[in-house]
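These notes are about the structure you will find just below.
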Amino acid sequence: MDHPNFAVVAEDLVKVYGRGTSGVRALDHVSVGFERGRFTAIMGPSGSGKSSLLHCLAGLDTVTSGRVLVGGTDITTLSDRALTALRRDRIGFVFQSFNLLPQLTAERNITLPLDLAGRKADRLRLQLVVDVLGLADRLGHRPAELSGGQQQRVALARALVTKPDVVFADEPTGNLDSRSGAEVLSLLRASVSEFGQTVVMVTHDPEAAARADRVVLVADGRIVEDLRKPSAAALRSSRPSAGVR
Ligand code: ADP
Ligand code: MG
């Protein structure tokens, strides 16, 4: 699967937390590739390994065995320093809890990854992202002065501004009311359709997953189904935990 059409590839990924008899196998030999310019949802019940998979794919956590290729580079063998640089340049991450710095304005939060790297934001890119996300008149506000939906849009802008190879989002609508959640989903969708961005989103919500081009169903640390453009109704009726065994 070492193919240029894939932004991210996981090969035979195993993640075990702890060791010995008390060890928890969160990922059990997962192999999956994510094509460029696609919106993929990873769906599954609580505890099925979704966050573990996303964290391993994004280099936020170490793997027990297997490889993760980001743009062809195996990130599991990089030094801390090289991994930090690769994450900064090529990976965007949106957390359920936004993870914004309260003392910084929206604009400073958005450009923070660049500021930390000592780089200047590409003003055109910044403007485009801010306009598409509808944040132009909120740039001077601090997170506490923004709604949840606006805060998540700032987090999304921060993930998009560096033009990463891939944006990962872990339950990005989990802390939002349904209207703000729908808005964030539409913006993720637009970043794929309008910017050609690659997006991999974890969700347990069939309605959210149905906005994606592809839905990968996870149960007990394994991929149990891989669906193209399923409807929310089809996703609601599929129960992966009761499936393949
Ligand atoms: P999901 O995101 O699908 O809810 P997770 O990836 O968070 O699932 O968790 C998968 C399994 O790994 C669960 O059994 C969970 O309890 C366990 N797990 C997750 N993180 C840790 C951790 N840091 N230490 C120990 N076990 C963990
Ligand atoms: Mg999770």
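Predicted, not measured: the structure shown is a model, and the values here were computed from it. Whatever order the structure lists them in is the order used to number ligands and atoms, beginning at 1.
Under a cut-off of 6.0 angstrom, the local environment of CZ in R228 is crowded, with over 12 non-hydrogen atoms contributed by other residues, nucleotides or ligands. A 6.0 Å sphere centred on CG of D80 holds no more than 12 heavy atoms belonging to other residues, nucleotides or ligands. Other residues, nucleotides and ligands contribute more than 12 heavy atoms inside 6.0 Å of the CZ atom of R214. Within 6.0 Å of atom NZ in K120, 12 or fewer heavy atoms from other residues, nucleotides or ligands are found, so the atom counts as exposed in its surroundings.
Nearest protein heavy-atom neighbour of atom 25 (C) of ligand 1: Y17 CB, 3.3 Å. Atom 12 (O) of ligand 1 has as its closest protein heavy atom A26 CB, 3.5 Å. Protein heavy atom nearest atom 10 (C) of ligand 1, with residue, atom name and distance: G47 O, 3.4 Å. Ranking protein heavy atoms by distance to atom 14 (O) of ligand 1, first place goes to V24 CG1, 3.6 Å. Atom 9 (O) of ligand 1 has S52 OG, 3.9 Å as its closest protein atom, hydrogens excluded (heavy atom only). Nearest to atom 7 (O) of ligand 1 among the protein's heavy atoms is S51 CB, 3.8 Å.
Using a 4.5 Å heavy-atom cutoff, the side chains of L27 and R222 are not in contact.
A salt bridge links R119 with D89: at least one charged nitrogen is closer than 4.0 Å to a carboxylate oxygen. Ionic pairing of E183 and R153 is present here: one or more N-O contacts between side-chain nitrogen and carboxylate oxygen are shorter than 4.0 angstrom.
Those atoms of ligand 1 with a heavy atom of S46 less than 4.0 angstrom away are 4 (O). Atoms of ligand 1 found under 4.0 Å from any heavy atom of P45, numbered from 1 in the order shown, are 3 (O).
At least one protein heavy atom sits closer than 4.0 Å to atom 22 (C) of ligand 1.
In summary, no N, O or S atom of Q96 is located under 2.8 Å from the Mg ion (ligand 2).
The cationic atom of R38 (NZ for Lys, CZ for Arg) does not lie both less than 6.0 Å from the six-membered ring centre of F6 and within 45° of the ring axis.
Polar contact check, G49 against ligand 1: a nitrogen or oxygen pair lies under 3.5 Å apart.
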